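Here, residue 1 is the first one in the sequence, and each next residue gets the next number. These numbers were taken from a predicted model, which means no experiment stands behind them.
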Amino acid sequence: MKKLILILSLLASYSTTAEEGNIEAGKLKAATCAACHGKDGNAALMQQYPKLAGQHPKYLEKQLKEYKQAMATGGKQGRNNPVMGGMAMALSDQDIADIAVYYASLPISDNTSPKESVEVAQQLYRFGDTERGIAACIACHGPRGNGMSLSGFPKISGQNAEYVKLQLEEFRSSARANDMNAMMRSVAAKLSDDEINALSQYVGGLH
């Protein structure tokens, strides 16, 4: 009986603290985000920034919270980015949940894989490189690049190539270090510049 009471109390505590996002509220709160990420979340004019449209909400929540964490810890934890850190610091958990579900509700714009990227990138994406200890991208991001929401792996299909390239370079140098179990850093550390260029262009057309 005591165990049942404890479980019920924990569930009650979770239900009162967990934030559920509201799309309409998120639309209003995301107004300032449009300057970089576009009015529809597709960052068409500034492709060094990510498309947020169609991304898994829990992944967006994680990133925003880790931008805040980096600011709060002087960069020792979380995800370092002075601009995003400053933006995220003003957001409450409810704000973050609202913005995340709003962007997740939007359709991501189409993208393509340039033919010149396919030969190099397709092999790495589908099979990796066992000799160099490079895991296949498909294992986490899926055959169509849709990621896995429950596992925390983001959707990369349709993403801006310039943004993907910057992130792979940051993982390679460990400038970005908020990946689960350092998985992205482990892969990116073994990629050449040409491979990063090819992969960043290739994943845009996965669908």
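You'll find the side chain of M87 stays beyond 4.5 Å of the side chain of Y67, heavy atoms only. Annotation: side chain of I96 is not in contact with side chain of L60 (no heavy-atom distance under 4.5 Å). Looking at heavy atoms from C-beta onward, Q167 lies out of side-chain contact with K165 at the 4.5 angstrom threshold. In this structure the side chain of P82 never reaches within 4.5 angstrom of the side chain of M71, judged on heavy atoms. Residues N146 and H141 form no side-chain contact, since every pair of their non-hydrogen atoms from C-beta on lies 4.5 Å or further apart. At least one side-chain heavy atom of K62 sits less than 4.5 Å from a side-chain heavy atom of N178. Using a 4.5 Å heavy-atom cutoff, the side chains of Q201 and S113 are not in contact. Side-chain contact between R185 and R172 is absent, with no heavy atoms from C-beta onward closer than 4.5 Å.
Shown here for G41 and Y103, the closest heavy-atom pair between the two residues is CA-CE2, 3.7 Å. Residue Y202 comes nearest to A121 through the heavy atom pair CB-CB, 3.3 Å, listed as atom of the first residue, atom of the second, then distance. Between G21 and Q94, the shortest heavy-atom contact is CA-NE2, 4.3 Å. Of all non-hydrogen atoms in K29 and I99, the two that sit nearest each other are CB-CG1, 3.9 Å. Closest approach of N80 and A70 over heavy atoms only: OD1-CB, 3.6 Å.
Note: K68 NZ to S92 OG = 7.0 Å, rounded to the nearest 0.5 Å. Atom-to-atom distance recorded for S192:OG and R132:CZ is 6.5 Å, nearest 0.5 angstrom. Annotation: the span from C36 atom SG to M84 atom CE amounts to 8.5 Å, rounded to 0.5 Å. Here CD1 of I156 is found 8.5 Å from CG of L199. Values are rounded to the nearest 0.5 Å. Atoms SG and CE, on C137 and M184 in that order, are 7.0 Å from each other to the nearest 0.5 Å. Note that CD of E170 is 11.5 Å distant from CG of D179, once rounded to the nearest 0.5 Å.
The backbone N or O of G85 sits nowhere less than 3.5 Å from a side-chain atom of N81 that would complete a donor-acceptor pair. Between the side chain of S186 and the backbone N or O of A182 there is no donor-acceptor pair closer than 3.5 Å. Remark: the backbone N or O of A44 is not paired with any side-chain donor or acceptor of N42 at under 3.5 angstrom. Between the H37 side chain and the P50 main chain, a donor and an acceptor come within less than 3.5 Å of each other. Looking only at distances, no side-chain donor or acceptor of N22 sits under 3.5 Å from a matching main-chain atom of D98. With hydrogens and angles ignored, the 3.5 Å screen pairs no side-chain donor or acceptor of K58 with any backbone N or O of A100. Counting only distance, with no hydrogens or angles, the side chain of N111 and the backbone of Q159 share a donor-acceptor pair below 3.5 Å.
L64 and L106 fall within the same hydrophobic cluster, where Ile, Leu, Val, Met, Phe, Trp and Tyr residues are linked whenever their side-chain heavy atoms come under 4.5 Å apart, directly or through other members. Cluster membership for V164 and F153, using ILVMFWY side-chain heavy atoms within less than 4.5 angstrom, is not shared. Under the 4.5 Å side-chain contact rule for hydrophobic residues, I138 and Y59 do not share a cluster. Linking ILVMFWY side-chain heavy atoms closer than 4.5 Å, directly or via other members, places L168 and Y163 in two distinct hydrophobic clusters. Tracing side-chain contacts under 4.5 Å through hydrophobic residues (I, L, V, M, F, W, Y), one never reaches V187 starting from M148; they form parts of separate clusters.
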For this session: Please lay out, stage by stage, how Q77 and Q69 fare under the test side chain to side chain donor-acceptor pair (under 3.5 Å).
Result: CA-CA 6 Å; Q77 299 177 41; Q69 185 182 38; 3.1 Å; yes
Problem set entry | Working for side-chain contact (heavy atoms from CB on, under 4.5 Å), residues Y49 and N160 | CA-CA 8 Å; Y49 299 124; N160 287 329; 5.9 Å; no
Problem set entry | Evaluation steps, side-chain contact (heavy atoms from CB on, under 4.5 Å), between E162 and S200 | CA-CA 7 Å; E162 188 174 349; S200 64; over 6 Å; no
Exercise. side-chain contact (heavy atoms from CB on, under 4.5 Å) between I108 and K155: does it pass, once the steps are laid out?
Worked result: CA-CA 10 Å; I108 190 170; K155 175 184 175 70; 3.8 Å; yes
Exercise. Yes or no on side-chain contact (heavy atoms from CB on, under 4.5 Å) for V120 and D194, after CA distance, side-chain angles and deciding distance?
Worked result: CA-CA 9 Å; V120 172; D194 287 343; over 6 Å; no
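Atom NZ of K190 is surrounded by more than 12 heavy atoms from other residues, nucleotides or ligands within 6.0 Å.
A salt bridge does not link R176 to E66: none of the charged side-chain nitrogens sits closer than 4.0 Å to a carboxylate oxygen. The residues E24 and K27 are annotated as not salt-bridged, no charged nitrogen and carboxylate oxygen being separated by less than 4.0 angstrom.
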